[in-house]
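From a predicted model like this one, the values you see are computed outputs, not experimental measurements. Side chains are part of it too, since the values below use all heavy atoms of this structure and drop only hydrogens, waters and symmetry mates. Note that the numbering runs from 1 along the sequence shown for the chain.
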Amino acid sequence: MSSNLTEKQLTLPLSSDVLTGALTRREEAGFSFGAHIHTTIEFYRILSGVCYMDIGTETITCNAGDFVMILPNVVHSFYLGKDSDCEFQQIHFRPETFANVILDNSGIYPISMMHAIHFHFKTYYHQKSDSILDDCLQKVIDLHASSDSLFSAANINLSLMNIMLHLLDKKQPDHHFVDPNIQNSYVAYTLDHIHKNYMYKIHQEDIAKELQISVRYLSTLFKKYMNITLSNYINIYRINKSIELMQSDKSLTEIAQLVGFKDSQHYSKLFTTIIGETPSSYRKSYIKDYY
């Protein structure tokens, strides 16, 4: 798979709509935004006060000066205590552009920047901010607020890329394998296969056969790299895609079918298990409150 890099892979389109939000905001003590999930990457930099985030199965406390990155397809919430207001910078952006940035092509499948981000951080990253992060985050927010420059889109894309490369330089992956380039490729191919075929029935056996490895080995690698089972990742990815469609006028039954669920009851049950509320209830709050 690695012998030919297509012209598309060699070209980096700098998206003009990569950002879905970039601002500085302040919330009063007691503010809460419940469990939700999205397909964007989310950056926070806490400017003052204290906030809390439930990310997957973990709860983190964020103080002034902290930086947090939350990856796509991760259930999370944001809330404040009763005694502290909080001011923070918040950036949401679409990761698709950075799936075209190839960092390594020595295995059987190209490793993109987004693959590397997933492999290194799995669900989120929490650290003290530094001057590079501070400068890049502020630049993105300033550029988003003022679109006068002809090169705003390119500058925003490159600033986001600088942040992610900086984070990759600071963090080593947790896994240790004999031949990481090949194994990275197996997981990268599996992720891309899911992202392209989530609307159809996905057979793990077909993926393993294409990679010429066993299903058991594929499952072991995926869990090690992504910190989630392959079947659970497929389910969460489909649920997340269904949330994107909730902004349309399609019925929940139609949405369930469009993201690969043949049974709307199974979709509703799985949605409630993952998100913590029914699709209809979430749809109302999502359209009203999502930011």
Side-chain angles (χ1 to χ4, degrees), residues 1-20 38-43 69-74 91-125 133 136 140 153-177 179-199 202 207-208 210-211 213 218 221-228 230 233-234 236-238 240-241 244:
M1 297 179 200
S2 64
S3 57
N4 294 310
L5 271 178
T6 66
E7 182 178 348
K8 181 178 179 180
Q9 289 171 323
L10 290 170
T11 303
L12 175 59
L14 296 179
S15 173
S16 60
D17 63 348
V18 64
L19 288 178
T20 60
H38 41 67
T39 56
T40 55
I41 296 177
E42 189 170 14
F43 291 153
M69 173 177 67
I70 304 175
L71 297 188
N73 308 304
V74 178
I91 293 172
H92 282 267
F93 65 96
R94 299 180 178 91
E96 289 81 7
T97 292
F98 307 102
N100 296 315
V101 180
I102 304 303
L103 300 183
D104 181 78
N105 198 37
S106 61
I108 65 167
Y109 193 78
I111 306 299
S112 72
M113 176 177 285
M114 281 312 304
H115 293 138
I117 291 290
H118 280 298
F119 297 163
H120 281 67
F121 304 111
K122 295 182 173 64
T123 55
Y124 78 96
Y125 187 49
L133 293 173
C136 288
V140 169
N155 272 312
I156 288 171
N157 280 262
L158 293 176
S159 294
L160 293 172
M161 194 182 305
N162 283 338
I163 291 172
M164 289 188 286
L165 287 172
H166 179 61
L167 296 177
L168 288 170
D169 283 339
K170 294 171 70 69
K171 178 78 162 57
Q172 293 299 316
D174 297 328
H175 45 74
H176 302 282
F177 292 119
D179 193 351
N181 287 342
I182 296 298
Q183 290 156 336
N184 285 347
S185 299
Y186 291 154
V187 181
Y189 175 83
T190 303
L191 286 170
D192 286 357
H193 180 87
I194 295 167
H195 298 170
K196 293 173 183 176
N197 297 282
Y198 67 89
M199 66 290 293
I202 295 176
I207 300 174
E210 179 68 21
L211 295 172
I213 59 177
L218 173 62
L221 280 180
F222 194 91
K223 177 68 183 303
K224 190 73 173 180
Y225 273 73
M226 299 296 295
N227 203 35
I228 186 174
L230 180 49
Y233 182 85
I234 294 170
I236 290 175
Y237 192 82
R238 284 173 167 157
N240 207 359
K241 284 296 182 180
E244 286 189 330

From [X] atom [atom1] to [Y] atom [atom2], the distance as rounded to the nearest 0.5 Å:
X      : Y      : atom1 : atom2 : value
Thr123 : Ile228 : OG1   : CD1   : 9.5 Å
Glu210 : Leu218 : CD    : CG    : 12.0 Å
Leu165 : Phe98  : CG    : CZ    : 9.5 Å
Phe119 : Met114 : CZ    : CE    : 10.5 Å
Leu19  : His92  : CG    : NE2   : 11.0 Å
Phe93  : Leu160 : CZ    : CG    : 5.0 Å

Is the backbone of [Y] close enough, under 3.5 Å, to the side chain of [X] for a donor and an acceptor to pair up by distance?
X      : Y      : value
His115 : Ser112 : yes
Lys122 : Asn227 : no
Asn157 : Ala153 : yes
Arg94  : Thr20  : no

- Query: Mind checking whether Met164 and Ile41 have side chains closer than 4.5 Å, heavy atoms only?
  - Reply: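 Result yes, sub-4.5 Å side-chain heavy-atom pair found.
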- Task: Please examine the side chains of Asn184 and Asp104, heavy atoms only from C-beta on, and report whether any two atoms are closer than 4.5 Å.
- Result: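 When only atoms from C-beta onward are counted, Asn184 and Asp104 do not touch, as no gap falls below 4.5 Å.
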- Task: Assess the side chains of His193 and Thr190: does a donor N or O sit below 3.5 Å from an acceptor N or O?
- Result: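 The answer is no; no qualifying pair exists.
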Quick check: closest heavy atoms across [X] and [Y], and the distance to 0.1 Å?
X      : Y      : value
Tyr109 : Lys196 : OH-NZ, 4.0 Å
Pro95  : Pro72  : CG-CG, 4.2 Å
His38  : Asn240 : O-ND2, 2.8 Å
Pro110 : Ala188 : O-CB, 4.1 Å
Tyr233 : His195 : OH-NE2, 2.7 Å
Leu211 : Ile108 : CD2-CD1, 3.8 Å

- Can you list the steps and then say if Met69 with Ile117 is a side-chain contact (heavy atoms from CB on, under 4.5 Å)? CA-CA 10 Å; Met69 173 177 67; Ile117 291 290; 4.3 Å; yes
- Task: Applying side chain to side chain contact (heavy atoms under 4.5 Å, CB included) between Phe43 and each of Ile70, Ile91, Leu133, report the one that passes.
- Result: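 Between Phe43 and the candidates, side chain to side chain contact (heavy atoms under 4.5 Å, CB included) is satisfied uniquely by Ile91.
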- Please assess Ile234 against Arg238 for the test side-chain contact (heavy atoms from CB on, under 4.5 Å), listing each intermediate value before the final yes or no. CA-CA 6 Å; Ile234 294 170; Arg238 284 173 167 157; 3.5 Å; yes
- Worked check of side-chain contact (heavy atoms from CB on, under 4.5 Å) between Met226 and Leu191: CA-CA 10 Å; Met226 299 296 295; Leu191 286 170; 3.9 Å; yes
- Query: Does Phe121 have any ring-ring contact (aromatic ring centres under 6.0 Å, His included) partners at least two apart in sequence or in another chain, and if so, which?
  - Reply: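 ring-ring contact (aromatic ring centres under 6.0 Å, His included) check on Phe121 returns Tyr125.
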- Task: Go through the steps for Lys224 and Leu221 under the test side-chain contact (heavy atoms from CB on, under 4.5 Å), then give the verdict.
- Result: CA-CA 5 Å; Lys224 190 73 173 180; Leu221 280 180; 5.7 Å; no
